[in-house]
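Below is one structure, written out as structure tokens; comments come after it.
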Amino acid sequence: MGAEFVQFSLTPILIGVLAAIACALPGNFLILRRQALVGDAISHVVLPGIVVAFLLTGSVTAWPMLLGAGAAALVAVVLIEAVQRLGRVEPGAAMGVVFTTLFAAGVLLLERSDTSSVHLDVEHALMGSLESLVWFRATGWGSLIDPAAWDSLPPELPRMALVCAVLAALTAVFWRWLRIATFDEGFARAMGIPVRAVGLGLVGAAAVAAVAAFDAVGSILVIAMFICPPAAARLMTDRLGVQVAWSVGFAVLSAVLGFVLAGYGPLWLGGQDAVSAAGMIAVTGGVILGLACRFGPARVGSVPRP
Amino acid sequence: MSGRTATPDLALVQPGGAAADDALARGAALAVRGLTVSYGAAPAVFSVDASFPSAAMSAIIGPNGAGKSTLLKAALGVIPRLSGTVQVAGVPLDRARDRIAYVPQRASVDWDFPATVRDVVQMGFYRRLGLFGRLTGADRARTVACLDRVGMADFADRQIGQLSGGQQQRVFLARALAQEAELYLLDEPFAGVDAATERAIIDVLRGLRDDGRAVVAVHHDLATVRDYFDHVFLMNTRAIAEGPVARAFTAAALEAAYGGRLGATHLAGLAG
């Protein structure tokens, strides 16, 4: 399967793996801070921002998309605050109302605008286009060391790799701040740690991961990878560092297994067509979480608690 | 024990009045001036002046909703203050962060957090270590020593959610000990703990006082004030009285702080 694998499967798998890791890293802290919904909200709110950015610039290049997504996130924050105050509802409900409304608005905008020339439609918004991110000029494993072939690498790959590396570096550098601000905010403040900046930085990091991954893998996978790998990892250990390591492992496993199952699963079952890789990766992440709930050594009830 | 306090004998403080002059504020381990905090329209703490002496155990006392914890948190910069200044040993708060240790209310954190007892105590080193400082062998030994002082050395590798309430409170105290501070601020350290833990905590706090450190605790059990503390600060949104227990913890001050909530016989029993 050498040449064909490199050409058609290697880059989608790598991009899926990198997207999953990029989302899982901030997801660990979002979940421990009971802010998992923030990742969910961001990945939905990104859509109208990207559509508006496309309508204004007529292209789907990275910077306008990022700016549009960022602007949409700001609008969402203001709206969530407004709904919460004016509608007197709890924060979770306010968030839910705002992000579903904005996402739906994004879908409507997409339907009414002419995006046939670019990879931007409702299906892509949900499921991404992982399978289409193939490496055209690859002829086999040798292409990995052939600079001429690198030109046709899908641009999502280096972009996702950069985002993933930056997030990993930020997590390592600010490890102590993240840990203490997440566990005991009051104590961290008393120590003089900029707790608010840490919180905003975390949400910002999640937004960058969501925007970068959205284009390649769609919003369903982004939501799943924010939550499933870290939540499953929490059930495997009682140490934060070990949890983050498990979450990266689960993210990789979901991406690889999900991609393979999407491609071959239907064939094994006697069907014809492959199913969406992003969708299958998300489902795999959910199944892993389910297994961790049943068998994880640190799950509730696995140790006697007073 | 209560004769060592550096504060003059202040009985009832006039609300909003400057109770402590500048010279006194410089001598105090912790001095707040004109502190006001508000969560909504009505202030939770209004224009409070208070000073707490070093080498003494001080209690912040008042009825539920009097703003005791709010005063403590605002003095630490944990919650924002509308007005007022805070000095630690004569130095503004922001330049004195490494002289302060803080024990938050136990219920303020999620004990399901993935951390062991040892991890939590080592958070007390984070101010000194910064983001990149390496945890040395001496730090590890100190971690165990701090746990030993609160009788928790055998639990170093337990996940914190597996501890009882009293044990969790001791771990928080061990973390404060790891901060090696001059001023220890504790928010309801005896709330919901067993008798043995209360004993262990009070012994550690007395040890700190005898070392010349200042201990300031939000306290709600009026019956133990005389036993445990040298100095009291009574409040109900505003400052009501402060001074050595013998002089400030009086029936009149309690009546002023608690209004009709304490009966006459109760008052007489407490204030002796």
Any donor and acceptor pair, going by atom type alone, linking the side chain of A/Arg176 with main-chain N or O of B/Gly130 inside 3.5 Å? yes
Atom group of B/Phe172 that falls short of 4.5 Å from chain A, counting heavy atoms: side chain
For B/Leu129, is it the side chain, the backbone, both or neither that has a heavy atom under 4.5 Å from a heavy atom of chain A? both
Return the option, out of A/Leu32, A/Asp184, A/Leu240, A/Val195, with the maximum number of heavy-atom pairs under 4.5 Å with chain B. A/Asp184
For B/Phe113 and A/Phe183, take the angle between the two ring planes, folded into 0 to 90°, and tell me which bin it lands in: parallel under 30, tilted 30 to 60, perpendicular over 60. tilted
Count the heavy-atom pairs under 4.5 Å between each of B/Asp119, B/Leu76, B/Ile100, B/Val120 and chain A, then report the option with the highest count. B/Asp119
Would you mind reporting whether B/Met123 and A/Arg179 have side-chain heavy atoms less than 4.5 Å apart? yes
Ignoring hydrogens and angles, tell me if any N or O in the side chain of B/Arg97 forms a donor-acceptor pair with the backbone of A/Met191 under 3.5 Å. no
N-O pairing of B/Asp110 and A/Arg33 below 4.0 Å: no
For B/Gln105, which atoms come within 4.5 Å of any heavy atom of chain A: side chain, backbone, both, or neither? neither
For the residue pair B/Gln162 and A/Asp238, establish whether any side-chain heavy-atom pair is separated by less than 4.5 Å. yes
Any non-hydrogen side-chain atom of B/Pro114 less than 4.5 Å from a side-chain atom of A/Arg239? no
Within a 6.0 Å radius of atom CZ on A/Arg34, are there more than 12 heavy atoms belonging to other residues, nucleotides or ligands? no
Roughly how far, to the nearest 0.5 Å, is CZ of B/Arg127 from CZ of A/Phe187? 11.0 Å
Count the heavy atoms of every other residue, nucleotide or ligand shown that sit under 6.0 Å from CG of B/Asp211, and state whether that count exceeds 12. yes
